[in-house]
Amino acid sequence: MSLKEEQLKVGAFFTPLEWAVFAIAQSGIFEKWIEGATIFDPTMGEGGLLEALLLYGQSKGVNINKLPVNNLYGVELNTGFFVAFKKRMRDQYSIEFSENQFLNSDILFLKQDLKFDILFGNPPWQNYVDLPEEYKLRVKDSFFKYGLVEDRRKLLLGGSRIDIAALIIQKTIYCNLKAGGEAWFFMPLSLLLNEGASMQFRKFTICETRYALRKVYDLEKAEVFKGVNTRYGLVNFKRDAITNYPVDYQYYNNGIFEQHYARPLLDPTNSLSILPEKKADPLKDFNLIKIPKKSIPRQGLNTCGANDIYFFDNYKLLEGGYCQISNRRNTLRVPRQFVFPLIDKTNFKEELIVPKKWVLLPYTLENKPLGMNELLKYPTLLAYFNLKREILIKRKGPYIKSLINRGFWWALLGVGEYNFASFKIVWESYGRKLFLPKIFSGQWQAGQSLQSFIPCESEEEADRICKALGDKQIMEYLLSLKMDGTMNWAQPGKIKKLLILED
């Protein structure tokens, strides 16, 4: 695929006119433009944000011929979007821009980086791992160049979840914004509120250049971009400045913006906590919980989209060390040493915990995936995986592909010594609004995304840690992250920040 074909639409979500006008009104961009400031949209799409400046001016009674259109600039990769913008400007506004004002090119690879007073844009929202393959290869080194990954190899691991919007913001602030200039971007708020790959972005540093986070408009409930599940907002940055926390955080709710304040707790690169008052701190008197290093919080099992192959609804004990397991698609007889109870949401409500689901784990006593020579010892198990081979080898993701390429195409992710601990402190980390850890004894297994856990060697240790996790300050902290009810409610990374790991 040519990188300039009209079909290449990398994470494009066009900004509705009313919200483009909202951004102009809140930012004061129009007044600065009238006074001579240059404005640059680095990923302009069909130019909606810049067109909104023209319409905003007309609404203020300024004749379009009096507007400083020579101070508008933009770049767009997609040829179809670019041509549509130029045509609309001619047909509707009788404006012919000079050739150097607007370029049909990729902002990441301009031969010459001009600098502007104000950046005003809506960069594409798409994780690196989900980019078109050709484009992914082309931009890979840029994530390293502009300080979003410390090691190129991380793009193949956790860093693959970094959004290309972060790259556009870093690059344009560094290369295209004048000293002391300001930037206003519609962007995914995962860059400010999520764990993992976004932590590097929250250093707000590119090489030796610093820039400050100044204001956030959280538009989660405004439905600006219809059908988009990503949480997003309008965010203001200033080059050559240091963030002064807490920052102004406006949260849209029931048609109005509610005043909040945002700052990271415990560490400057942590997710922002959204607080009702400037000095609020839910962890002010909190003492970090001491746990052994081997008890680090973990995500549950990950079948990489093959739940029907590994998860079962029925279990029957058979003679000779075997059991029969079944689900809606499969029934098989396997050695019971490879079958474990799988935690279900109903188990969190039970006093006497009864298994309702089971998981098949083809692993050795040393917690390694069975090799082919070992599988040959269990003909029914080998026959079952051979039957599912085509599905299993097509699973996607860098971690599982690594195992598949090494010949372990029947393996899962998230399996290690910690899975077989005698006790686990488990909590629901997906879609919940309460943090209620519960101890499971025996070799119960947690499900990926749905649950997270802390493995423990003894009941005494599990009781101590579970009691400490019940501190109401932890619940207040999690609620301050505004992730309740989402897939990012209480993921292991959030809980790990509350712990001290000891040898």
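If you read the sequence from its start, that first residue is 1, and numbering goes on from there.
Glu417 and Asn419 share no donor-acceptor pair across their side chains, judged by distance under 3.5 Å alone. Residues Tyr399 and Lys401 have side chains that never bring a donor and an acceptor to within less than 3.5 angstrom of each other. For the residue pair Thr486 / Asn488, no side-chain donor-acceptor distance below 3.5 Å is found, with atom types taken as modelled. Side-chain N/O atoms of Glu223 and Tyr252 include no donor and acceptor closer than 3.5 Å. Between the side chains of Asn307 and Thr303, at least one donor N or O lies within less than 3.5 Å of an accepting N or O. Between the side chains of Asp248 and Gln259, at least one donor-acceptor pair of N or O atoms lies under 3.5 Å. At a cut-off of 3.5 Å, with distance as the only test, a side-chain donor of Glu195 or Ser271 sits close to an acceptor on the other residue.
Under the 6.0 Å distance and 45° angle rule, Arg333 counts as a cation-pi partner of Tyr322. Geometric assessment of Arg239 against the ring of Tyr211 yields a negative cation-pi assignment under the 6.0 Å and 45° thresholds. For Lys294 and Tyr418, the positive end is not near the middle of the six-membered ring at less than 6.0 Å and at most 45° from its axis.
Contacts classified as ring pair (Phe, Tyr, Trp, His ring centres under 6.0 Å) and involving residues 483-503 (residues at least two apart or in different chains) are not found.
How far NZ of Lys438 is from CD of Glu351: 8.0 Å, rounded to the nearest 0.5 Å. In this structure, the separation between OH on Tyr174 and OG1 on Thr205 is 12.0 Å, given to the nearest 0.5 Å.
With respect to Lys238 and Glu182, no salt bridge is recorded, no charged nitrogen being found less than 4.0 Å from a carboxylate O. Lys136 and Glu133 are joined by a salt bridge, as a carboxylate oxygen and a charged side-chain nitrogen come within less than 4.0 angstrom of each other. A salt bridge does not link Lys472 to Glu476: none of the charged side-chain nitrogens sits closer than 4.0 Å to a carboxylate oxygen.
Pairing each heavy atom of Ala165 with each of Trp125, the nearest pair is CB-CD1, 4.2 Å.
For Glu459, the CD atom is loosely surrounded, since the number of other residues' heavy atoms within 6.0 Å does not exceed 12. Within 6.0 Å of atom CD in Glu502, more than 12 heavy atoms from other residues, nucleotides or ligands are found, so the atom counts as buried in its surroundings.
Checked options Asp313, Asp344, Asn347; the residue passing with Lys357 is Asp313 (criterion: side chain to side chain donor-acceptor pair (under 3.5 Å)).
Residues meeting the salt bridge (charged side-chain N to carboxylate O under 4.0 Å, His left out) test with Arg329, sequence neighbours left out: Asp308.
Between Tyr315 and Trp358, the ring-plane angle classifies as parallel under the 30° and 60° cut-offs. Ring-plane geometry between Trp19 and Phe22 is classed as perpendicular, the angle between the planes exceeding 60 degrees on a 0 to 90 degree scale with a lower cut at 30. Phe185 and Phe237 have tilted rings, their planes meeting at an angle from 30° to 60° on a 0 to 90° scale.
Under the 3.5 Å distance criterion, the side-chain polar atoms of Gln170 are left unmatched by any main-chain donor or acceptor of Leu148. With hydrogens and angles disregarded, no donor-acceptor distance shorter than 3.5 Å links the side chain of Lys388 to the backbone of Asn386.
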Determine, step by step, whether Phe435 and Trp427 satisfy the ring-ring contact (aromatic ring centres under 6.0 Å, His included) criterion, reporting the C-alpha distance in whole Å, the side-chain angles of both residues, the deciding distance to 0.1 Å, and the verdict.
-> CA-CA 7 Å; Phe435 179 66; Trp427 62 90; 5.5 Å; yes

